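Let me begin by presenting the structure, written as C-alpha cells, before commenting on it.
Atoms within a ligand are numbered from 1 in the order they appear, just like the ligands themselves. For clarity, every value in this text was computed on a predicted model and none was experimentally measured.
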Amino acid sequence: MPVASSFVFATCNAGSESAVKAEVARAHGPLLTPAFMRPGLITWKSREPLDAAFDLGSTFARVSGLSLGISKSTDHLVGLAAGAFGARSFHLHAFPRDVPEEGVGDETWSRIDSSRDRISAEMIQAGLHLHEPRRPGAGEWVLDAIVEPDTGHCLAGVHRHQAARHPLAGALPRIALPPESPSRAFLKIEQALAWQNLDAEGALAGLHALELGCAPGGGTYALLRRGVSVTGVDTGAMSPLLAAFTGPGGARFTHLPVPAGALGDHPLPKQTAILVSDMNLAPPAVLKYVEAAQRRVRARILIVTIKLNDRVMESRLPEYLSSFARFAPGPARAVQLQAHRREVCFFSRS
Ligand SMILES: C[S@@+](CC[C@H](N)C(=O)[O-])C[C@H]1O[C@@H](n2cnc3c(N)ncnc32)[C@H](O)[C@@H]1O
C-alpha cells in the first residue's frame, strides 16, 4: 500500500455537503470527525491511520479518498506525490473545487489543464511515474489535485480507481448542453454514460431504449443522437423537435402517452437493451415501476434517476439501492452526478 493518512476528503455538488456528512456519519460512526468544509469539499480526521484501500462509500461524493494536505507550490505537490507513490505509476487529475451549476467553463478548464501539464512535466522530471493521459483502469492510482479558484493552491488527495468510481478528473465530464435540447435531462444521460465509460461514439448505436418519464425529451434527445431508438412513456408533452428527429442509423422516437403504471396494457419493444427512468415520483414508486418494466424487457443497462426531496429520503438511500439491486442485471451502483440537483443516479449493467 503506497500511502496512508489520517485525513479523508470528498468533493460533491455545492449544496450536497450535509448529505455527504450524514452518509459518512451513518457509515463510519465515530471513526471520522469532520475537519473542514468549503462549498464542494469536505475533509475528515480519522481516529486511526487509514490506508488507500479505505472507501468512504458515499453516493453524494463525486470524488473521495485519502487527503495528503494542502499544497501551495508545484514543488510541494511533487514531494507529496513522491511520498505517496514512490515508484508506482499514477494518474494526475487536476480539477476545480468550485463548480457552477451549469458546469465548469472552458476558460477555467484551460487554466487548470495548463497547470496540470506543467505539474506533470515536473513530476516526470523528478522521476515519478505518471500514466499516459487516459482514463484509469480498475486498481490504478489517481492523485487528485483539487484547485482553489483564487489562490491556485490545491488540496492533494489519493484514490484508487474501481468500476463504481468516476473515471474523469473531478468526476466532471466536459459536456455542454446543446441549446436545442428540450431539457437539462440531456446532461443527466450524457453524464451517466461518461461515469460508466459508455460514452464512446457508437458504443450504443443500434440499441433500443425504453424511457419512463421522458417528457419533454432531453434524455431522449441524448440517446437518439447516439443512434439509440427510444420508446418513451409519459403523459406529458414531448418537444416537437423529437417527432422530426432521426439519429444515426435511423434511430427514432416513439411516444406511449400513458403513465408507467398503465404499461401493462401496452406491447413493449422486444429487444430493449437500455431501460431509463426519470420520473418525478417518490423512490419506492419509481422502483416499483422500473422493476415491473424490467421484468418484462430484461434490459442489460439500467439508468434510473432517483429524486430525494428531503433528508428522510436521503437517509433511506441504502434501502432504495438494495431494492434496485434485487432486480438489477449486474452490480448496483449509485452516484450523484454533477448535473443532479436533489437526485442521484442508480446504474446497473449485466
Ligand atoms: C424530470 S421530468 C423528466 C425529464 C425527461 N426525462 C427529459 O429528458 O426531459 C419527470 C417526468 O416524469 C413524468 N412522470 C411522473 N409520473 C409518471 C408516471 N407515473 N409515469 C410516467 N411518467 C411520469 C412527468 O410527467 C415528467 O414529465
Checklist line | Per atom 1 (C) of ligand 1, closest listed option by heavy atom (Thr220, Asp234, Asp278, Ile189) | finding: Asp278
Next item on the list: Provide the number and element of each atom of ligand 1 under 4.0 Å from a heavy atom of Gly218.
Entry: 7 (C), 8 (O), 9 (O)
Check: Shortest non-hydrogen contact from Ser181 to Phe186?
Finding: OG-CB, 3.3 Å
Next item on the list: Mind running salt bridge (Lys or Arg N to Asp or Glu O under 4.0 Å) on Arg295 and Glu291 for me, showing each step along the way?
Entry: CA-CA 6 Å; Arg295 298 232 179 266; Glu291 178 172 6; 2.5 Å; yes
Check: Any N or O on Gly217 sitting closer than 3.5 Å to an N or O of ligand 1?
Finding: yes
Contacts table for residues 276-287: side-chain donor-acceptor under 3.5 angstrom, sequence neighbours left out:
residue: Asp278; atom: OD1; partner: Lys188; partner atom: NZ; Å: 3.2
residue: Asp278; atom: OD2; partner: Lys188; partner atom: NZ; Å: 3.2

Next item on the list: Closest by any non-hydrogen atom to atom 6 (N) of ligand 1: pick that one out of Pro259, Gly213, Gly232, Ser277.
Entry: Gly213
Next item on the list: Flag Gly236 as yes when one of its N or O atoms lies below 3.5 Å from any N or O atom of ligand 1, and as no otherwise.
Entry: no
Notebook entry, point to check: With a cut-off of 4.0 Å, which atoms of ligand 1 are near a heavy atom of Glu211?
Noted result: 6 (N)
Notebook entry, point to check: Any idea which atoms of ligand 1 are less than 4.0 Å away from a heavy-atom of Leu281?
Noted result: 16 (N), 19 (N)
Notebook entry, point to check: What do you reckon, does Ala260 have a nitrogen or oxygen under 3.5 Å from a nitrogen or oxygen of ligand 1?
Noted result: yes
Checklist line | Contacting atoms of ligand 1, where contact means under 4.0 angstrom from a heavy atom of Gly219 | finding: 7 (C), 8 (O)
Notebook entry, point to check: Between Glu23 and Arg26, is the closest basic N to carboxylate O distance under 4.0 Å?
Noted result: no
Next item on the list: Pull out every atom of ligand 1 sitting under 4.0 Å from any heavy atom of Ser183, numbered as shown with elements.
Entry: 7 (C), 8 (O), 9 (O)
